[in-house]
Amino acid sequence: MNKPKDEPGLQTILSHCGRNLEASGGYVNVPPYEGSTILHDDMEDLFGRVDNHLYGDGTAQTYGTDGGPTHEAFYDAMNKLEGGAGTWAFSTGLAGCTIPMMAFLKTGDHMLVTDSVYGPTRQFCEVLLKNFGVEAEFYEPTIGAGIEKLIRPNTRLIYMESPGTHTFEMQDVPAIAAVARKYNIVTMIDNTYATPLNFQPLKHGVDVVVHSATKYICGHSDVLMSTVTCNEKNWKQVRDVCKMTGQYASAQSVYLGLRGLRTLKVRLDAVGVHTRKVVDWLLKREEVKKVIWPAYEKDPGYRIYKRDYSGPIGLFAFQFQDQYTDVQINRFMDSLKLFGLGYSWGGFESLILRSYGKRTVGDPKIMRTMIRVYIGLEDPEDMINDLDQAMTKMRDV
Ligand SMILES: Cc1ncc(COP(=O)(O)O)c(C=O)c1O
């Protein structure tokens, strides 16, 4: 369906969102305002704001940690894209995944976490939250509405990540959110893969949305940051925890976040086209047993991907046939010349990793058999040639 004529398109929104010409002095983006002290006009202004900051509605900016005009511009943009009531930025992706949980959990509570969750988030739940008397139970990622049978009287939070880290299971987010609402349970999702462009979980009943902005949003592998965007009901609680725990992303980081949003769609579109070319090539290779990419029509997650996502995912995994040994697979990895061997993804450059991590509900060994690939902006033919020559070396071992 075509959009109404008076409604701007996504590229136009991305080019103009978060613009505040008064704060920027006419520059197209609000420059990085960094600092600790904010000067006040008089005592009334100072104390009035401090009271509001600590015990009032919490909106007054009294100190650098509250964020300044650059933060406001980026938050406005994220709220617009996600359909949120409020956004906060954190200094790493992991902090955005973990800290907001503190707004909802206390000793004696139970939470449900997808078994495919990002490893360090899992560790936070298994170690730190456990020390504080919170029980994290891991559930099968594709459980959908079946999550209802895991709910206990003390379940306070359901945590999702779709598709899942390394194994890429698509979750039925609307179905899980609907069950959670029935029991008044808060839902959080790590939406990093989708970006705010391809899927907006708040519009599907989720309460809190996290992005590791380190990935696609900043997009150049040179920033660490996350965003947390909430619906109206949960925003104050999350914002208060952010303030009480001193969460802050630098003005330079949020500036780069807003700049990244301007080109996000064109980067994502290119990454999607490149990824399809590489996936199609891998699917034809006899060395390859399986490719796991939810945007591929035969992937088990495709039905949900097609239903919920409006654009591509540039990250996937594949497995070699069982006959290839560990030594051979490592030879393949070591022989790659253009793919970077390193953590993270979402930048301009292609990366590759042998997967690792823990599963307690699914097959615990699955991770070691997977190779995770991120396809960047290079010419896909060059990346295919690189994979080809590395496979030749692998076979020669
Ligand atoms: C899905 C997902 N969430 C969160 C994170 C954490 O982000 P950061 O590296 O900025 O801490 C990552 C990092 O790889 C990730 O892949």
Side-chain angles (χ1 to χ4, degrees), residues 74 78 82 87-101 113-126 128 138 141 159-171 173 188-199 201 206 208-229 242 245 247-250 252-254 256-257 260 268 271 275 292-294 301 305 309 312-317 340-359 367 370-376:
F74 181 53
M78 288 301 295
E82 285 286 7
T87 294
W88 198 270
F90 298 70
S91 59
T92 65
L94 180 58
C97 295
T98 55
I99 303 290
M101 292 183 195
V113 185
T114 176
D115 198 36
S116 56
V117 70
Y118 173 61
T121 307
R122 180 184 194 107
Q123 196 181 27
F124 175 84
C125 298
E126 283 182 327
L128 215 67
F138 295 89
Y159 191 94
M160 293 171 270
E161 182 180 313
S162 181
T165 279
H166 292 291
T167 40
F168 299 101
E169 300 91 343
M170 288 298 294
Q171 295 202 258
V173 176
M188 265 182 86
I189 187 167
D190 183 337
N191 198 37
T192 306
Y193 303 92
T195 79
L197 308 193
N198 288 338
F199 182 54
V206 176
V208 181
V209 178
V210 186
H211 289 279
S212 169
T214 307
K215 317 297 189 230
Y216 284 128
I217 291 178
C218 292
H220 293 73
S221 308
D222 51 4
V223 182
L224 283 161
M225 180 170 70
S226 60
T227 60
V228 172
T229 303
C242 295
T245 54
Q247 300 308 317
Y248 179 77
S250 74
Q252 179 71 18
S253 299
V254 292
L256 290 172
L268 273 182
V271 159
T275 306
I292 305 160
W293 189 47
Y305 166 79
Y309 268 52
I313 303 168
L315 200 64
F316 67 91
L341 192 59
Y343 296 107
S344 206
W345 49 276
F348 53 87
E349 79 293 8
S350 297
L351 295 170
I352 196 158
L353 262 189
R354 285 195 73 175
S355 295
Y356 60 94
K358 192 169 164 186
R359 290 285 184 274
M367 303 286 261
M370 306 269 225
I371 294 171
R372 189 185 80 176
V373 185
Y374 171 68
I375 300 295

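All ligand and atom numbering here is 1-based and tracks the order in the structure.
- Here C218 pairs with A213, V223, M225 under the side chain to side chain contact (heavy atoms under 4.5 Å, CB included) rule; sequence neighbours left out.
- For R122 and D115, the salt-bridge test passes: some basic side-chain N is under 4.0 Å from an acidic carboxylate O.
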Requested in this report: Carefully, step by step, assess S250 and Q252 under the rule side-chain hydrogen bond (donor to acceptor under 3.5 Å, both in side chains).
Outcome: CA-CA 5 Å; S250 74; Q252 179 71 18; over 6 Å; no
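- Separation of the Y193 and W345 ring centroids falls under the 6.0 Å cut-off.
- To the nearest 0.5 Å, atoms OG1 (T192) and CD1 (I217) are separated by 8.0 Å.
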When you check ligand 1 against the protein, what N or O pairs turn up below 3.5 Å? List the atom names and distances, or just say none.
from	atom 1	to	atom 2	distance (Å)
ligand 1	3 (N)	D190	OD2	2.6
ligand 1	7 (O)	S212	OG	2.9
ligand 1	9 (O)	K215	NZ	3.3
ligand 1	10 (O)	G93	N	2.8
ligand 1	10 (O)	S212	OG	3.2
ligand 1	10 (O)	T214	OG1	2.5
ligand 1	11 (O)	G93	N	3.1
ligand 1	11 (O)	L94	N	3.0
ligand 1	14 (O)	K215	NZ	2.9
ligand 1	16 (O)	W345	NE1	3.1

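- Rounding to the nearest 0.5 Å places CZ of F348 at 7.5 Å from CG of D222.
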